[in-house]
Structure formats: C-alpha cells, structure tokens
Amino acid sequence: MDFKPVKSERVFENIIEQIKVNIYNGNLSKGSKLPSERDLSDILNVSRASIREALSALEILGILETKPGGGTYIVNNVSNAIIETMSLALALENDETEFIELRKILESESAYIAAQKHDEESISEMKKYFEMMGKDFDEDQNTYADENFHRALCRATKNKLLYDIVEALSIGVDNYIVNSRKRLMSNPKNLELLYQQHKNILESIENGKADDAREYVIEHINFVQEELRKQKLEK
C-alpha cells in the first residue's frame with residue numbers, strides 16, 4: 001500500500017483520497033485489511049481523530065466495514081455501496097426522462113443477454129412474478145410483480161455489476177414515480193397491455209430470441225413513458 005504524509009487543511013478528505021488511490025491502483029481490493037488506526041496516524045502524520053473521521057465516512061458509503069476487535073476492511077460485497085450511492089445521486093438529478101432513457105438502454109440489453117444465456121433458474125424466477133400479474137390482481141400486487149419481474153430479468157444476465165447499476169436506477173425511478181406507477185396499474189386497459197408486454201418479453205427470453213427480447217423491452221418502456229407523460233398532462 002502506498003500512503004504519504006498528509007498536507008491539507010481538510011485532512012480527512014486527503015485521507016479518503018489516498019485510500020481511493022490505493023483502491024484504484026490495486027493495492028487495496030475487496031476484503032483487504034487496512035493498517036490499524038494508530039499505524040495510519042503514524043504513516044500519514046495526522047491525528048487519530050482525522051483517521052476515524054475518514055474511515056467513518058467511507059464506512060457510511062459502504063466501502064469499509066469495521067469488525068470489532070478485528071480491524072477495518074474493504075467490504076467484500078460492494079453491491080450495497082453501488083446501489084445506495086448511485087440511487088441517491090440519481091434521485092438528486094430528479095429527471096424522469098433521463099431516468100427512463102437510461103433504464104431503456106440497460107434493460108433492453110439485459111433482455112438481449114438474458115435470452116442468449118437462457119438460464120432456466122432465472123427464467124423460472126421471471127415466470128413466478130409474471131404469474132402474479134394481470135387483471136385478476138390489484139394494483140399493489142401488479143406493481144410488486146412488475147418491479148420483481150424486471151429485477152429477475154436483470155439477474156438473468158448473470159452480470160452482477162449490471163444488475164447493481166439497474167437496481168440503483170430502479171430505486172431512483174421507483175421512488176420518483178411511485179404514485180404514477182400505481183395509477184398506471186389501476187387502469188384495466190393498461191393492465192391488459194402490460195400483461196401482454198411482459199408475456200412477450202418472457203417468451204422471447206425463454207425461446208432464446210435475443211433481438212425480439214430487446215425490442216419488446218424497448219416497446220414496453222416506451223409505453224410506460226408515454227402513459228406517464230399523459231398523466232402529467234392531465235394534472
């Protein structure tokens with residue numbers, strides 16, 4: 001690991017930056033143990049209070065974890081760090097159009113990859129949520145099933161980083177349009193259309209038709225985007 005004495009008025013920021021640099025250059029990786037608080041204080045020539053401040057900030061961000069009596073480590077599971085940080089950043093952007101455009105790009109490619117990989121377990125998970133959709137169920141269940149169908153679709157890519165990014169985006173979108181989404185689900189005509197759209201996506205993935213899966217996801221998200229636009233105009 002490469003640490004240097006700190007020369008900065010905002011000491012804790014300099015400490016955080018040095019830890020980041022050590023992650024970027026590979027000196028620290030998932031599961032790596034950091035030097036002790038006392039050792040870091042000596043290496044960086046700063047107070048232990050500044051070390052604690054920096055480590056606490058990184059722990060809040062989900063980058064570090066402290067094990068009582070065992071020291072401080074880079075987390076093994078970075079998913080929470082990605083999802084929490086990115087979902088908050090996306091929420092602050094507060095731009096529904098950009099949210100949905102980005103989701104369209106990521107989910108359509110996720111469907112393409114899922115169809116190519118054709119994983120039976122993932123397809124079974126998608127089917128489980130698809131069977132919870134439709135006009136026989138209320139908008140709360142349809143909303144729940146819809147959200148988890150799309151999560152299962154992204155998991156079917158077997159690309160954990162892609163899933164984490166889409167999950168972060170989904171949280172940002174879902175919190176932003178939660179009421180609009182329920183109104184969308186409460187319309188019987190919309191429910192029929194949404195049911196068919198999800199059926200098309202599922203069947204194309206199940207049959208390994210990657211191009212069709214991609215196009216059906218784009219068609220589905222375009223429909224949702226247009227319906228949300230109409231809701232805004234009606235207000």
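In this chain, residues are counted from 1 in sequence order.
- Panel note: side chain Asn25, backbone Asn27; a donor-acceptor pair is recorded below 3.5 Å.
- For Asn159, the side chain to side chain contact (heavy atoms under 4.5 Å, CB included) partners are Thr157, Leu161, Leu162, not counting sequence neighbours.
- Atom CD of Glu121 has 12 or fewer heavy atoms from other residues, nucleotides or ligands within 6.0 Å.
- Note that CD of Glu219 and CG of Leu193 are 9.5 Å apart. Values are rounded to the nearest 0.5 Å.
- Between the side chains of Gln18 and Asn14, at least one donor N or O sits under 3.5 Å from an acceptor N or O.
- With no hydrogens or angles considered, a side-chain donor-acceptor pair links Thr66 and Glu59 at under 3.5 Å.
- Smallest separation of non-hydrogen atoms from Val166 and Cys154: CG1-SG, 3.4 Å.
- The line from OG of Ser110 to CZ of Arg151 is 13.5 Å long, rounded to the nearest 0.5 Å.
- At least one donor-acceptor pair closer than 3.5 Å links the side chain of Ser32 to the backbone N or O of Ser29.
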Derivation and outcome, salt bridge (charged side-chain N to carboxylate O under 4.0 Å, His left out), residues Glu17 and Lys20: CA-CA 5 Å; Glu17 186 61 30; Lys20 284 165 57 180; 3.3 Å; yes

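- Between the side chain of Asn142 and the main chain of Leu191, no donor-acceptor pair closer than 3.5 Å is present.
- When only modelled atom types and interatomic distance are considered, Ser36 and Asp39 share a side-chain donor-acceptor pair under 3.5 Å.
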Please tabulate, for the side chains in residues 125-132, all donor-acceptor contacts under 3.5 angstrom to protein atoms that are two or more places apart in sequence or on a different chain.
{"residue": "Glu125", "atom": "OE1", "partner": "Arg155", "partner atom": "NE", "Å": "3.4"}
{"residue": "Glu125", "atom": "OE2", "partner": "Arg155", "partner atom": "NE", "Å": "3.4"}
{"residue": "Glu125", "atom": "OE2", "partner": "Arg155", "partner atom": "NH2", "Å": "2.4"}
{"residue": "Lys127", "atom": "NZ", "partner": "Glu206", "partner atom": "OE2", "Å": "2.7"}

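- Looking only at distances, no side-chain donor or acceptor of Ser50 sits under 3.5 Å from a matching main-chain atom of Val46.
- When side chains are defined from C-beta on, Leu55 counts as touching Leu34, because their heavy atoms get closer than 4.5 Å.
- Residues in residues 196-223 take part in these ring pair (Phe, Tyr, Trp, His ring centres under 6.0 Å) pairs, two or more places apart or across chains: Phe149-His198, His150-His198, His150-His220, His198-His220.
- Listed for the Ser56 side chain is a donor-acceptor partner under 3.5 Å among the backbone atoms of Arg52.
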